[in-house]
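Naming convention: chains lettered A, B, ... in sequence-line order (proteins, then strands); numbering from 1 in each chain. What's counted below: heavy atoms across the whole structure, side chains too, no hydrogens, waters or symmetry copies.
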There are 2 protein chains.
Amino acid sequence: MNLPQALKRPTLHEELVERLRNLVVEDALKPGEKVPEKDLCEAFGVSRTPLREALKVLASEGLVVLQTNRGARVAKVTREELEKTFPVIAVLEQLAGEQACLHLDNAGIARIQKRHDAMVKAFHARDRKAYFKANQDIHNALIEGAGNDILETHHRLLAARVRRARYMVNLSDERWAQAIDEHEQMMALLHARDAEGLGLLMKTHMMNKFAAHIRALSFAEEDGLG
Amino acid sequence: MNLPQALKRPTLHEELVERLRNLVVEDALKPGEKVPEKDLCEAFGVSRTPLREALKVLASEGLVVLQTNRGARVAKVTREELEKTFPVIAVLEQLAGEQACLHLDNAGIARIQKRHDAMVKAFHARDRKAYFKANQDIHNALIEGAGNDILETHHRLLAARVRRARYMVNLSDERWAQAIDEHEQMMALLHARDAEGLGLLMKTHMMNKFAAHIRALSFAEEDGLG
DNA sequence: TGACGTAATTATGAATTCATAATTCAGTCA
DNA sequence: TGACTGAATTATGAATTCATAATTACGTCA
């Protein structure tokens, strides 16, 4: 029998970690900006203690940077950091791809296929927002499909740090088409349950994504937006 | 010019994270045990506030588990968790091996060779403790050699969670000899700067290590020590 | 006018306090 | 004796307070 774990009520600091993380990822708190402790306390209606606890956790995740006696700032996502983060995400996705092939049942694969179809539809409709969302869903589903929560946790931590950057670049039509093509191949390999193949493809897919981002970032920097 | 980053004095909670982490990794606080908030406050001579902040961080690292209104316990390292953690460490080491080949200069490789020699010496002297330390040093040096602090951070987080388990198993003579052999090959590939080769070997090396641990753990469980 | 030094203000780290949930323990009754 | 009840104790989460570092505002002098 599967007894429910001693039920877990949330504490303030846990909720705050969630909500602050969202503020950062959704760009309500911008990189480099100070995290206004007092204002946030008022906004959330809590005292400083749980909020500060939450900030410590976010700092350990790398989403904010703490400066002694000078409070917290939202971490900047530098190009250098992207260059270090993407390869790590890539190998985690590779592992996820391999494991997903082994662990997912047919129903699980069908669910991913559905999302894939939605993504292709968004591509043809040139709906970038829907595409982005579906894409994210697929990757998350594959990670989940690996059935390894340690892998999932670390992937999530890393993905959170670059997600903001990923919202900002609007990929070129070429890259977009290429990405769709890669995803088609991924689905084929998943259906064939070619673990090694899917792993390798997911890694290169991620590195291609990365290269596109760096390129886009270069243009942005030239335009003085970096 | 390379300006020093706004110099960073440590805060109490940061020091406490360090010291508590050590207590857990070095097995002074045992898995499943309650973390005695009050005692630790007295021992460290601090109030509960910074200590609790530190516990939140450790919880986000997975070293302790928080239960609402029931305090913190040292996380148990179950076999299931080992089974999920090792593959992730393995792919991170693979990446590290690849990158280290590309980034390390000759001096860096020489430093690792020195540690390797020390490890081989400890092996011949059958000094398990010295071997374990040298082994750890080598792996850490290779990770560092990759020159990717994101990779390093996540490797450290994962390694911390299994280190305790790794202290406990005493590897068989066969496995020990095999490990030495694998390390000899690693050095050869590093000198040859065969990035792909070293990456693959480090991955399988880690998975072999893992298999040996699981075997040892099985015997321990049969002996009723699990 | 503008750079410098100093006082006032604010923000931060950490200790303390407070309300409440969990645990312990004594007492009761079957 | 042993399971149950409820009061006493303790531990925990969160608010508040306090000391000090950082920042801002202001006044002085070149």
Margin query: Is the phosphate of D:dT12 approached by B:K56 (side-chain N or O, under 4.0 Å from OP1 or OP2)?
Written below: no
Check: Separation of B:L66 atom CG from D:dA11 atom P, in whole Å?
Finding: 17 Å
Margin query: Can you measure B:R73 atom CZ to D:dA11 atom P for me and round it to whole angstrom units?
Written below: 13 Å
Item checked: Set of residues satisfying salt bridge (Lys or Arg N to Asp or Glu O under 4.0 Å) with respect to B:R48, sequence neighbours excluded -> B:E37
Notebook entry, point to check: For A:Q67 and D:dA22, what is the distance between atoms CD and P respectively, to the nearest whole Å?
Noted result: 11 Å
Next item on the list: Apply ring pair (Phe, Tyr, Trp, His ring centres under 6.0 Å) to A:H116 and list each qualifying residue two or more places apart in sequence or on a separate chain.
Entry: none
Notebook entry, point to check: What residues form a salt bridge (Lys or Arg N to Asp or Glu O under 4.0 Å) with A:R21, not counting sequence neighbours?
Noted result: A:E18, A:E61
Next item on the list: Answer yes or no: is there an ion pair linking A:E83 with A:R79, defined by an N-O contact shorter than 4.0 Å?
Entry: yes
Next item on the list: Could you list the residues that satisfy side chain to side chain donor-acceptor pair (under 3.5 Å) with A:E33, not counting sequence neighbours?
Entry: none
Check: Quick one, which residues of residues 35-45 of chain B touch DNA chain D with a heavy atom under 4.0 Å?
Finding: B:E37, B:K38
Next item on the list: Go along nucleotides 16-22 of chain C 5' to 3' and tag each nucleotide: B for a protein heavy atom under 4.0 Å from its base, S when only backbone or sugar atoms are that close, - otherwise.
Entry: BB---SS
Notebook entry, point to check: B:T204: what forms a side chain to side chain contact (heavy atoms under 4.5 Å, CB included) with it, not counting sequence neighbours?
Noted result: B:L201
Item checked: Spacing between B:L51 atom CG and D:dT12 atom C1', to the nearest angstrom -> 13 Å
Next item on the list: Measure the distance from CG on A:L12 to P on D:dT12 and round it to the nearest whole Å.
Entry: 17 Å
Checklist line | With sequence neighbours excluded, residues passing ring pair (Phe, Tyr, Trp, His ring centres under 6.0 Å) with A:H205 | finding: A:H139, A:H183
Notebook entry, point to check: Among all residues two or more places apart in sequence or in another chain, which pass the side chain to side chain donor-acceptor pair (under 3.5 Å) test with B:N69?
Noted result: none
